[in-house]
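Since the model is a prediction, treat every value here as computed from it, not as a measurement.
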Amino acid sequence: KMTGLFATVRSQTPDSVKNLPPSQRDSALADYQKIIDAEIAFSRGLEDAFQNGDNRGAADIYNKMDLDKKDGHNKYK
């Protein structure tokens, strides 16, 4: 489910990007989508780790996701 939610979010444009000058929007949107793409990959890895009983791997992936979340939220509130 989480991967699907990230895919939905990826198709949206954050207000902070919409409010940028037109000359900056494309690069900001590309950066935003790059962050979301990483979260999609992490969420797939997290699902695989849980299904394989790899709790340590799941924790590592979760921690990476948390760092990306903080970075993304700081950039694209």
Side-chain angles (χ1 to χ4, degrees):
K1 263 188 165 180
M2 189 169 23
T3 301
L5 294 173
F6 281 120
T8 299
V9 168
R10 188 187 188 285
S11 69
Q12 300 171 351
T13 302
D15 289 338
S16 61
V17 172
K18 290 179 188 176
N19 295 329
L20 290 172
S23 62
Q24 296 175 8
R25 284 185 202 143
D26 287 345
S27 64
L29 183 59
D31 182 59
Y32 169 78
Q33 290 173 336
K34 180 181 173 184
I35 292 169
I36 297 301
D37 288 342
E39 292 301 299
I40 289 170
F42 284 142
S43 69
R44 288 180 179 143
L46 186 61
E47 183 179 347
D48 289 343
F50 279 129
Q51 287 177 347
N52 292 317
D54 182 5
N55 293 334
R56 184 180 181 137
D60 289 342
I61 293 168
Y62 175 81
N63 289 331
K64 291 175 187 175
M65 291 178 80
D66 190 46
L67 290 174
D68 275 359
K69 174 186 152 193
K70 290 174 184 172
D71 182 43
H73 284 190
N74 286 335
K75 286 183 178 180
Y76 304 107
K77 291 181 183 178

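A salt bridge links D66 and K70; the closest N-O separation between the charged side-chain nitrogens and carboxylate oxygens is under 4.0 Å.
A search for side-chain hydrogen bond (donor to acceptor under 3.5 Å, both in side chains) contacts involving D31 returns K75, Y76, not counting sequence neighbours.
Smallest separation of non-hydrogen atoms from S43 and T3: OG-OG1, 2.7 Å. Nearest heavy-atom pair across D68 and A38 is OD2-CB, 3.9 Å. Across all their heavy atoms, A58 and A49 have their closest contact at N-CB, 3.7 Å. A pairwise comparison of heavy atoms in I35 and G72 identifies CD1-CA, 4.2 Å as the closest pair. Of all heavy-atom pairs spanning F6 and I36, the tightest one is O-CG2, 3.4 Å. The shortest non-hydrogen separation linking L46 to M2 is CD2-CE, 3.6 Å.
Distance check, rounded to the nearest 0.5 Å: NE2 of H73 to OG of S16 gives 10.5 Å. Atom CZ of R56 sits about 12.5 Å away from atom CD1 of I61, to the nearest 0.5 Å. In this structure, CD on Q24 lies 13.0 Å from CG on L29, to the nearest 0.5 angstrom. The CG atom of D15 sits 11.0 Å away from the CG atom of L20 when rounded to the nearest 0.5 Å. Distance check: R10 CZ to I40 CD1 gives 6.5 Å after rounding to the nearest 0.5 Å.
Here the side chains of E39 and M65 are in contact, with some heavy-atom distance below 4.5 Å. Using a 4.5 Å cut-off on side-chain heavy atoms (C-beta onward), V9 and Y32 make contact. Q51 is listed as a side-chain neighbour of D48, based on a closest heavy-atom distance under 4.5 Å.
Side chain of D71 to backbone of L67: no donor-acceptor contact under 3.5 angstrom is found. In this structure, the side chain of R25 engages the main chain of K18 through a donor-acceptor pair within 3.5 Å.
Both F42 and F50 are members of a single hydrophobic cluster when ILVMFWY side chains are connected at heavy-atom separations under 4.5 Å.
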